[in-house]
Structures are given as structure tokens and as C-alpha cells.
Amino acid sequence: MAIDQSTRPDTGAKPAPRPRTEKSRRRGGKIFSYIVMSLLALFFLFPLVYMFVSSLKPDAQILQDIDSPQAFLPVGDISLDNYFGVFERVPFAQFLFNSVLITVLTVGLGLIVNSMAGFALSRLEWKGRVVVLAVVIATLIVPFETIAVPMVYWVAQLPTLVFEGGVLKYDFGWLNTYQVQIVPFIANAFSIFLFAQYFSTIPKSLDEAARIDGASWFAIYRRIIVPLSGPAFATVAILTFLPAWNQYLWPLMVVQKEELRPVMVGVQYFFQLNAAWGEVMAYTSLITIPVLIMFLIFQRAFVSSIASSGVKG
């Protein structure tokens with residue numbers, strides 16, 4: 001006999017809620033992580049936003065908006081006058097050329113020298129290798145300011161070749177030259193350490209197979225290690241680019257000729273009499289753009305190296 005469902009008494013019981021699945025928990029965790037990272041990104045972007053926005057405002061408006069949210073908004077008297085003022089006050093094109101030349105040569109030569117040193121310390125077996133690596137790492141604790149003055153003395157004694165009247169002459173002293181801003185910073189202890197650590201994660205069986213086939217150590221470095229170490233090279237390129245681009249103290253000490261100065265030294269031109277804050281913001285915006293472009297180009301390889309074994313102990 002069939003039971004009439006419509007006459008069944010209602011007990012008022014509600015169906016039990018389904019347990020939260022693992023997939024939904026992971027999705028919720030990702031959403032929360034993205035929200036937190038977005039808020040942190042906005043927080044760290046505030047100085048850059050303030051700099052770019054202030055570069056479009058006159059000095060009076062910058063000081064007026066500094067204590068209000070309008071400081072981060074392109075409102076009011078907006079123009080490019082500050083950027084035109086930068087080119088009128090300083091030889092920005094020459095400063096930019098100098099910084100690009102110094103940075104490119106420092107990074108390029110540094111990648112070659114430091115990677116070869118890291119290769120020798122991580123792949124070759126020779127007596128004293130561990131001691132040399134320890135000494136290289138120990139130099140990281142020495143602040144640059146403590147050796148800056150002795151370095152000025154020594155570079156002033158180094159031999160050099162100069163052209164005078166179309167004649168090549170032998171002289172002493174590297175002051176007021178490009179090489180004094182490049183050569184002392186080619187070899188870098190942290191870059192050597194990072195290369196050595198990354199190279200040590202590559203199986204040494206590749207070296208043994210190549211040696212059996214008659215390859216030299218330089219051929220192993222050039223044909224095997226370098227192609228497999230793209231993230232390490234990108235990381236060192238970024239970490240070398242930033243100090244080379246941001247050099248201020250050293251060029252200020254060793255370069256007196258305006259035509260040889262990098263962009264960072266040019267900042268002092270805006271504080272000689274009355275501080276031109278709008279032009280300062282425009283100038284710093286111009287010299288920040290290459291750094292942002294450099295990071296955007298290499299950010300994926302940089303994160304890959306740090307997340308894998310680039311700094312592995």
C-alpha cells in the first residue's frame with residue numbers, strides 16, 4: 001500500500017549542511033592570499049605614485065596637498081613644466097648616457113667575471129677552494145664606506161693611457177674617468193657566492209660526461225653551465241644593476257667633471273639654492289623608469305632563481 005507523502009507529518013528538521021570540501025578551502029585560501037598581496041602591493045606603490053603625481057604639480061600645490069589624499073591624485077594644476085625644467089637645469093641626456101654606459105659595462109663584465117669565479121669555486125676541485133670561498137663571503141661584512149677613502153688613494157696611483165693632442169701618453173691616476181666608476185665594482189662577493197651556490201645544484205655528472213668527450217673546463221662552463229643557469233644570471237643582473245645605477249657617494253668622490261657624472265649625482269643640482277620639489281620629483285621619476293623596466297623584464301627569472309636554489313645554503 002502506497003503512503004501518501006502529503007499526509008506525512010512535518011518534523012521541522014532541516015537537512016545537515018554539506019562539509020566544506022578541500023577544493024573550496026584551497027580556493028578561499030588563494031582568494032585571501034591575493035587580497036593580502038594586493039593590499040601590500042598598493043602600500044608599497046604609494047611612494048612611486050606620490051612621486052609620479054607630484055612631478056606633474058607646481059611646488060606650491062605639492063606642499064598644499066601633502067597632508068591630504070590629493071597628494072596621490074593627479075588633480076589641480078597639472079602640467080609637464082617640471083620635466084622641461086629638468087632638462088634646462090641639468091644636462092640630463094649626458095648624465096643618462098653616462099649611467100647607462102657605466103651600468104651596462106659593470107653588469108656585463110660582472111656577469112662574466114663573477115660567473116667564472118663561481119664556476120671555479122663550485123665545479124673545480126683544487127686545494128684551498130673552501131678557504132677562498134670563505135674569504136669571499138667574509139668581505140660582505142665590510143661596509144663600502146670604510147674602504148672608500150683608501151680606494152680613492154689607490155685609484156689615483158693606477159697607471160693609465162691618455163690622449164693629449166692626438167698623442168697617446170702614459171700617465172698615472174684614474175680620477176675623472178669612466179673606468180674608475182666601472183672597474184672597482186666588476187667583481188662582487190655576493191654575485192660570486194650566488195653563482196657558486198646555483199652552479200652547485202647542477203649535477204656534476206654532466207661535467208664528467210663532457211670531460212670524457214674531451215671538453216675543456218671552459219667549454220663545460222660556456223656550453224653546459226651557462227645555458228642551464230639563466231635564472232642565476234638574471235638575478236645577478238638585477239642585483240648588480242641596482243647598485244651600479246644608484247651609485248652616488250663614489251662618483252661624488254672621484255669624478256669632478258660634469259660630463260662624466262651619472263644621474264644620481266645630478267640630484268644635488270636641485271638643492272643648490274632653493275629646493276625645486278616639482279623638478280626633483282620629475283628628475284627622480286625619469287631615473288626610476290629604467291629600474292622599473294629592468295625589473296619587469298627579468299622579474300620571472302629573478303623569482304625563479306630565489307624560489308629554487310639561487311640562495312640555497
Side-chain angles (χ1 to χ4, degrees), residues 96-124 132-133 135-145 147-148 151-152 154-155 158 160 174 177-202 217-218 220-251 253-255 260 262-265 287 290-306 309-311:
L96 182 63
F97 170 79
N98 295 337
S99 285
V100 171
L101 176 66
I102 293 168
T103 303
V104 169
L105 291 178
T106 302
V107 173
L109 295 174
L111 289 176
I112 297 173
V113 172
N114 296 319
S115 63
M116 295 181 69
F119 176 82
L121 292 171
S122 62
R123 313 296 290 190
L124 304 183
V132 172
L133 181 59
V135 172
V136 170
I137 297 174
T139 60
L140 292 173
I141 67 175
V142 181
F144 173 75
E145 289 76 11
I147 61 174
M151 282 180 60
V152 173
W154 285 111
V155 296
L158 292 175
T160 186
W174 280 15
T177 60
Y178 282 119
Q179 63 262 31
V180 75
Q181 305 177 70
I182 299 172
V183 175
F185 305 99
I186 292 177
N188 183 273
F190 182 75
S191 298
I192 294 174
F193 172 71
L194 193 147
F195 274 125
Q197 291 297 99
Y198 194 93
F199 291 165
S200 64
T201 63
I202 300 175
W217 284 113
F218 181 75
I220 294 173
Y221 160 79
R222 183 170 60 89
R223 297 181 181 180
I224 298 177
I225 301 301
V226 172
L228 294 176
S229 305
F233 277 86
T235 302
V236 172
I238 291 178
L239 297 180
T240 308
F241 173 86
L242 291 176
W245 185 264
N246 293 330
Q247 278 284 358
Y248 177 78
L249 177 61
W250 181 249
M253 297 174 65
V254 298
V255 177
L260 297 176
V263 290
M264 286 300 169
V265 178
I287 64 180
V291 179
L292 296 177
I293 295 174
M294 178 73 175
F295 180 77
L296 291 175
I297 292 174
F298 292 102
Q299 64 170 335
R300 181 172 297 180
F302 176 77
V303 173
S304 174
S305 177
I306 295 299
S309 56
V311 294

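- Summarising the geometry, atom CG belonging to Leu242 is positioned 7.5 Å from atom CD1 belonging to Ile238; distances are rounded to the nearest 0.5 Å.
- Judged as a side-chain hydrogen bond (donor to acceptor under 3.5 Å, both in side chains), and not counting sequence neighbours, the contacts of Ser115 are Tyr221.
- In this structure, the separation between CD on Gln181 and CG on Leu105 is 11.0 Å, given to the nearest 0.5 Å.
- With rounding to the nearest 0.5 Å, the separation of CG in Leu194 from CG in Asn114 is 10.0 Å.
- Closest non-hydrogen pair, Pro262 versus Ser99, comes out as CB-OG, 3.2 Å.
- With sequence neighbours excluded, the residues that form a ring-ring contact (aromatic ring centres under 6.0 Å, His included) with Trp245 are Phe241.
- Separation of atoms CZ (Phe144) and CG (Leu249) is listed at 6.0 Å; rounding is to 0.5 Å.
- Side-chain atoms of Thr139 come within 3.5 Å of backbone N or O of Val136 as a donor-acceptor pair.
- Between the side chain of Asn98 and the backbone N or O of Val263 there is no donor-acceptor pair closer than 3.5 Å.
- Under the side-chain hydrogen bond (donor to acceptor under 3.5 Å, both in side chains) criterion, Ser191 pairs with Asn188, not counting sequence neighbours.
- Rounding to the nearest 0.5 Å places CG of Leu111 at 11.0 Å from CD1 of Ile186.
- At least one donor-acceptor pair closer than 3.5 Å links the side chain of Trp250 to the backbone N or O of Val180.
- For Tyr248, the ring-ring contact (aromatic ring centres under 6.0 Å, His included) test picks out no residue, with sequence neighbours left out.
- Panel note: side chain Gln179, backbone Thr160; no donor-acceptor pair is recorded below 3.5 Å.
- Residues in residues 96-119 take part in no salt bridge (Lys or Arg N to Asp or Glu O under 4.0 Å) pair, two or more places apart or across chains.
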Name each donor-acceptor pair under 3.5 Å that joins a side chain in residues 222-233 to protein atoms two or more places apart or in another chain, with its distance.
{"from": "Ser229", "atom 1": "OG", "to": "Ile225", "atom 2": "O", "distance (Å)": "2.7"}

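- Residues Phe199 and Gly118 come closest through the heavy atom pair CD1-C, 3.8 Å.
- Residue Phe195 holds its CZ atom at 12.0 Å from CE of Met116, rounded to the nearest 0.5 Å.
- Taking the side chain as every heavy atom from C-beta outward, Ile202 and Arg123 approach each other to under 4.5 Å.
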Kindly indicate, with the supporting measurements, whether the criterion side chain to side chain contact (heavy atoms under 4.5 Å, CB included) is fulfilled by Tyr198 and Thr235.
CA-CA 11 Å; Tyr198 194 93; Thr235 302; over 6 Å; no
Mind running side chain to side chain contact (heavy atoms under 4.5 Å, CB included) on Val142 and Ile147 for me, showing each step along the way?
CA-CA 8 Å; Val142 181; Ile147 61 174; 4.0 Å; yes
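- In terms of heavy-atom proximity, Met264 sits nearest to Gln247 at CB-O, 3.2 Å.
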